[in-house]
Asks: 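A single structure is presented below for examination.
Counting from 1, the numbers follow the sequence of the chain as shown. Counting starts at 1 for both ligands and their atoms, following the listed order.
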Amino acid sequence: MSRRYSKASSPGKFILLGEHAVVYGKPAVALAIDKRFRCKISPSYGNFLNGMEMDLSRHPHIRHLMLRNRVNNISIETESNIPSSSGLGSSGALSSAISAAIKDLNNEIFNKEEIAKDSFSAEYHAQGRASPLDTSCCTFGNGVALNCPAECGKRLMSIEKDGNRWDINQISVPKMTFVVGYTGIKAPTGPLVNKVRKFKEHNRFASDIIDEIGKVTLEGVSSMMKNDIEQLGRRMTEDHKLLSILGVSCNELNKLVDASLQYSYGAKLTGSGGGGSMIALTDKPDKVCEAISLRGGTPFIVNTDVEGVKLEE
Ligand code: PMV
């Protein structure tokens with residue numbers, strides 16, 4: 001470690017289709033959004049986070065990345081406009097940007113594949129179980145599809161874990177408008193992933209729902225590739241119903257989804273659920289924003305086609 005400091009940033013993301021089922025190797029698609037996590041890391045005489053001594057047991061992602069990259073005694077300053085525990089990839093973006101900055105501080109060549117592996121490992125250990133969906137989207141940016149047909153975009157890399165294999169493709173995404181509705185309820189990912197795991201272990205029905213989410217995702221991806229936005233919207237709404245049966249939605253999410261549907265092609269929860277956020281695919285974003293606000297959510301229009309992890313000056 002000879003550098004004075006390194007800076008990096010990564011985007012947040014939303015999951016278009018396939019969350020939870022992707023943990024079991026099913027297909028999924030995520031899109032990067034124009035909200036970013038930024039960090040600056042410098043060598044120090046202890047470990048500090050935003051000027052305070054860092055208790056690493058409270059920051060499992062950072063702890064994992066420091067151990068994996070053999071760094072100690074660093075000061076990290078962070079800044080983010082991605083709401084935390086909201087289904088918008090705050091921990092994926094944090095892992096990806098911190099990995100990039102640590103590697104740069106170690107004078108390693110900037111390599112997105114290594115950063116994607118590093119940040120997936122951090123997410124996996126912090127969450128107990130995870131797919132590489134969030135971390136690969138926050139790292140590679142734009143749109144990523146996991147375990148979708150080979151003709152969907154360009155193969156970036158593959159990752160294997162727990163008997164699952166994920167083939168990760170970069171996809172080009174047609175121009176679409178999405179509104180995110182944040183419930184204001186913070187819902188950490190780990191417990192929801194665990195809830196689905198237990199349901200799946202004790203009930204064959206859960207596996208059927210997971211298979212069904214996989215099918216709906218593939219249909220949605222195929223519609224998106226044909227630029228058939230109406231069909232894509234329908235698949236999103238179907239996915240929301242399946243996720244509700246899986247037990248990861250909640251009243252607040254359902255209210256925002258229902259309110260958006262009158263002005264949208266489709267709407268669904270995004271991310272792990274239990275609170276957090278929903279998304280609507282629409283060409284009437286102002287109407288959807290109004291409907292979400294009226295039901296107590298915080299709406300914002302997101303832009304996609306966003307760059308992944310990058311080193312900053
Ligand atoms: O809520 P988020 O943004 O952490 O998304 C989690 C997505 C899951 O499929 C539920 C878990 C995973 O690791 O893929």
Asks: Decide whether the shortest distance between a heavy atom of E123 and an atom of ligand 1 is less than 4.0 Å.
Replies: no
Asks: Parallel, tilted or perpendicular, judged at 30° and 60°: which one describes the rings of H125 and H64?
Replies: parallel
Asks: Could you tell me whether a side-chain N or O of S44 sits under 3.5 Å from a main-chain N or O of N73, the two making a donor and an acceptor?
Replies: no
Asks: Please list, in number order, the atoms of ligand 1 under 4.0 Å from a heavy atom of Q127.
Replies: 11 (C), 13 (O)
Asks: Can you confirm, on distance only, whether ligand 1 has an N/O atom lying under 3.5 Å from any N/O atom belonging to E19?
Replies: no
Asks: Return yes when I15 approaches ligand 1 closer than 4.0 angstrom through a heavy atom, no otherwise.
Replies: yes
Asks: Within the structure provided, determine whether S260 and I292 are in side-chain contact (heavy-atom separation under 4.5 Å).
Replies: yes
Asks: Which of the numbered atoms in ligand 1 are below 4.0 angstrom from a heavy atom of V22?
Replies: 9 (O), 14 (O)
Asks: To the closest 0.5 Å, what do you measure between CG (L232) and OG1 (T237)?
Replies: 9.5 Å
Asks: Considering the heavy atoms of S272, write down every atom of ligand 1 situated less than 4.0 Å from one of them.
Replies: 1 (O), 2 (P), 5 (O), 6 (C), 10 (C)
Asks: What's the shortest distance from atom 5 (O) of ligand 1 to any protein heavy atom, and which residue and atom give it?
Replies: D134 OD2, 3.3 Å
Asks: Identify the protein heavy atom lying closest to atom 6 (C) of ligand 1, giving its residue, its atom name and the separation to 0.1 Å.
Replies: T189 CG2, 3.7 Å
Asks: Can you list the steps and then say if D118 with N69 is a side chain to side chain donor-acceptor pair (under 3.5 Å)?
Replies: CA-CA 9 Å; D118 227 20; N69 289 283; 2.9 Å; yes
Asks: Output yes when a side-chain donor or acceptor of H61 lies under 3.5 Å from a complementary backbone atom of E123, and no otherwise.
Replies: no
Asks: Hey, looking at atom 8 (C) of ligand 1, which of H20, K26, R129, K13 has the closest heavy atom?
Replies: H20
Asks: Do any heavy atoms of G87 fall under 4.0 Å from ligand 1?
Replies: yes
Asks: What is the nearest protein non-hydrogen atom to atom 13 (O) of ligand 1, stated with its residue, atom name and distance?
Replies: S131 N, 2.9 Å
Asks: Indicate the atoms forming the closest heavy-atom contact of C39 with A101, along with that distance.
Replies: SG-CB, 4.0 Å
Asks: Taking only heavy atoms of G89 into account, list the atoms of ligand 1 that are under 4.0 Å away from them.
Replies: 3 (O)
Asks: With a distance cut-off below 6.0 Å to the six-membered ring centre and an angular limit of 45° from the axis, does K112 pair with F140 as a cation-pi contact?
Replies: no
Asks: Taking only heavy atoms of A130 into account, list the atoms of ligand 1 that are under 4.0 Å away from them.
Replies: 13 (O)
Asks: Please determine if K161 forms a cation-pi arrangement with F120, meaning its NZ or CZ atom is less than 6.0 Å from the six-membered ring centre and no more than 45° off the ring axis.
Replies: no
